[in-house]
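Some notes on the structure that comes next.
Just so you know, ligand 1 is whichever comes first in the structure, and atom 1 is the first atom listed for that ligand. Both backbone and side-chain heavy atoms feed into the values below; hydrogens, waters and symmetry mates do not.
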Amino acid sequence: MKNTPNQNIKPLTLNRNSDFCLEIGGCDMQNLAAKFGTPLYIYDEQTIRQIAKDYKNAFNNYPKVNMMYASKAFMVQSVAKLLDSEGFGFDLVSGGEIYTVLSAGLSIEKSVFNGSNKNYDEILLAIENNIGRISVDNFIEMAMVDLAAKSLDKKVNILLRITPGIECHTHEYIQTGHLDSKFGFDLTQIDEAIELINDEYENLVLKGLHAHIGSQIFETKVYYDEIEVLLKEIRRIKDKYDIELSEINIGGGLGIKYNQDDTPPSIYEMADVILKSIEDNTRKYGLEKPLIYIEPGRSIVGTSGVTLYTVGSSKQVPNGRKYVAVDGGMADNPRPSMYQAVYTADKVEEEKCEEKETVTIAGRFCESGDILIKDITLPKLNAGDLLCVYNTGAYGYSMSSNYNRVLKPAAVLVNNGQADIIVERETYEHLVSLDKIPERLNRYE
Ligand code: LLP
């Protein structure tokens, strides 16, 4: 079966050119560093477009699929534009994500508003702008969505986010489908939710069920099981209330290959399992084929992105490790310290037959835990050399911070030899732009 980019460590256009320098999207990384500075997030447009096309092709034979890009993986205006041009809607989880899409001149009418603690203003913003679906997570939110819809004199199409009771083998912080989860209605609470919609909440129109079982998933079987749970519930609801829900949102989660030990399935393998489960379980439960929503995030942008760092100081611990420090770290990529994520990297300019050594790549932040890569064997790194860390496209910039008052890096999008800024590098002025000094503090000068 066809390999898809989430199964590779490197972006599709990554090559070493005749000068032994890495290039991406036809752009020499040394030139990119010289022009835009480091740390620098670089996104390969071809890889993102290829993955988006693979998602669409994989579901070609099933006409009722809505692709929603999970914005939390990386959302800036250009990414919204790019995925909109590939026919994707958006999984949005905050007013900020909604605003980013709207401010890029796009509509949210095909998109889903998710999240376990949306506030009233965010709900209003979504409804005012005709959000496609709101996935209602809990009873309090259900009342708020109805109230907001009433105040705008609109009806809102909703899904109910449920906890399907499926465990997947991924880091516990990114599991979401197991029963003891903060997300969604427990299966035993669905009936009460439906009765409230039927009897009290006149502005809500229930379209279907939503679940998301976790992230960085390698086993396709969990999707089979998840769909079975959703369709079984739809059957049960039909029998009890005589309503046939016509939509299921199965969330995101497909894994990517961060290092040699990772073995994610291809998008085609995942789609086959999803479609088989739809086929088997609609037959088993005597249901119409539903409209499917799917919300991939990491697998769309993860592999396309790399981070370029400049090497600074280094330290050889006597009889111990050698630490090589780079000019970024946990503030631009918190994943190694949060989830023990294992990344891989290459030296950007490699001499032929260069001597190799095993080093630990340390970040610049004031935390012992700020280690980007433990024990990696690379050609000798000296101050000023460039290092390219792979697979940083998802949950890097989107989870970045200004820890230690360090400026957030820029991001560029590369394609066919062209590199364009999609997020500017922060400046010291940006950094203090929201600071305020109360007048009384000036009196003590
Ligand atoms: N849909 C819902 C409802 C979600 O909660 C998520 C991710 C997705 C879709 C997209 O999942 P993906 O395809 O990206 O796996 N910060 C963590 C990942 C947190 C994922 C949260 N929800 C990390 O860096 O690993």
Side-chain angles (χ1 to χ4, degrees), residues 4-6 48 51-52 54-55 66-75 79 83 88-94 97 111-118 133-138 141 159-164 166 168-178 181-185 208-220 222-223 226 230 248-258 262 264-265 267 270-271 274 292-305 307 330 332-343 391-401:
T4 51
N6 65 308
I48 301 179
I51 292 175
D54 282 327
Y55 265 105
N66 284 350
M67 301 285 174
M68 304 284 122
Y69 166 63
S71 312
K72 54 182 84 62
F74 177 51
M75 172 49 90
V79 169
L83 285 156
F88 278 61
F90 302 98
D91 149 25
L92 303 162
V93 294
S94 69
E97 289 185 352
S111 296
V112 181
F113 188 23
N114 287 322
S116 59
N117 193 18
K118 311 168 181 79
R133 300 284 180 271
I134 295 185
S135 175
V136 173
D137 188 274
N138 54 67
E141 185 180 301
L159 306 174
L160 290 181
R161 167 81 182 254
I162 65 159
T163 317
I166 290 167
C168 55
H169 299 116
T170 184
H171 194 283
E172 71 170 302
Y173 291 2
I174 50 179
Q175 281 184 353
T176 44
H178 55 301
S181 160
K182 72 168 186 173
F183 295 103
F185 292 94
L209 301 179
H210 175 204
H212 167 77
I213 43 185
S215 201
Q216 186 59 355
I217 292 174
F218 289 172
E219 343 147 65
T220 48
V222 288
Y223 289 106
E226 177 196 8
L230 291 170
I248 59 170
N249 180 338
I250 61 171
L254 178 66
I256 65 173
K257 188 177 176 77
Y258 284 99
D262 290 339
I267 291 162
M270 180 183 86
I274 290 170
I292 310 174
Y293 285 80
I294 175 164
E295 304 173 325
R298 188 193 313 268
S299 54
I300 301 275
V301 288
T303 314
S304 73
T307 308
M330 65 187 293
D332 58 78
N333 184 2
R335 301 195 68 263
S337 44
M338 271 183 94
Y339 317 112
Q340 297 81 45
V342 178
Y343 285 80
N391 270 301
T392 59
Y395 304 109
Y397 186 83
S398 65
M399 294 204 298
S400 66
S401 76

Here the pair of heavy atoms bringing Tyr223 nearest to Gly253 is OH-C, 3.4 Å
So for Asp91 against ligand 1, with non-hydrogen atoms under 4.0 Å, the contacting part is side chain
Next item on the list: For residues Asn66 and Tyr293, determine if any side-chain heavy atom of one lies less than 4.5 Å from a side-chain heavy atom of the other.
Entry: yes
With the side chain counted from C-beta on, respond yes when Ile274 and Ile250 share a heavy-atom pair under 4.5 Å apart, and no when they do not. yes
| task | Could you check if a side-chain atom of Leu83 sits within less than 4.5 angstrom of a side-chain atom of Met67, using non-hydrogen atoms only? | result | no
Please determine if Arg298 has a nitrogen or oxygen closer than 3.5 Å to a nitrogen or oxygen of ligand 1.
yes
Notebook entry, point to check: Are His212 and Asp91 side-chain neighbours, meaning at least one heavy-atom pair lies under 4.5 Å?
Noted result: no
Within the 4.5 Å heavy-atom criterion, are His210 and Ile162 side-chain neighbours or not?
no
The atoms of ligand 1 lying under 4.0 Å from a heavy atom of Met399, numbered in the order shown, are 16 (N), 24 (O)
inquiry  = Geometry only, no angles: is Gly297 polar-contacting ligand 1 at N/O separations under 3.5 Å?
reply    = yes
Under 4.0 Å between heavy atoms, the region of Met338 that gets near ligand 1 turns out to be neither
Indicate yes or no: does an N/O atom of Arg335 lie under 3.5 Å from an N/O atom of ligand 1? yes
The atoms of ligand 1 lying under 4.0 Å from a heavy atom of Glu295, numbered in the order shown, are 1 (N), 2 (C), 3 (C), 8 (C), 9 (C), 10 (C), 13 (O)
Counting heavy atoms under 4.0 Å, the part of Pro296 that contacts ligand 1 is backbone
inquiry  = Tell me whether Ser215 has any N or O atom under 3.5 angstrom from an N or O of ligand 1.
reply    = yes
Correct closest heavy-atom pair for Met338 and Met399 would be SD-CE, 4.3 Å
Please check: side-chain N/O of Asn6 versus main-chain N/O of Gly255, any donor-acceptor pairing under 3.5 Å? yes
Numbered in order shown, the ligand 1 atoms found under 4.0 Å of a heavy atom of Arg161 are 3 (C)
Within 4.0 Å of some non-hydrogen atom of Ala70, the atoms of ligand 1 are 8 (C), 9 (C), 10 (C)
Short version for His212: what comes under 4.0 Å of ligand 1, heavy atoms counted, is side chain
Smallest heavy-atom separation, Asp332 atom then Ser400 atom, equals CA-CB, 4.0 Å
Regarding ligand 1, does His210 bring an N or O atom to under 3.5 Å of one of the ligand's N or O atoms? no
Validation row: Val79, Tyr397 side chains within 4.5 angstrom (heavy atoms) = no
Practice problem: Consider ligand 1: state whether an atom of it lies below 4.0 angstrom from any non-hydrogen atom of Gly253. | Solution: yes
Quick look: Met68 vs ligand 1, heavy-atom contacts under 4.0 Å, and the answer is neither
At under 4.0 Å between heavy atoms, what of Phe183 touches ligand 1? The answer is neither
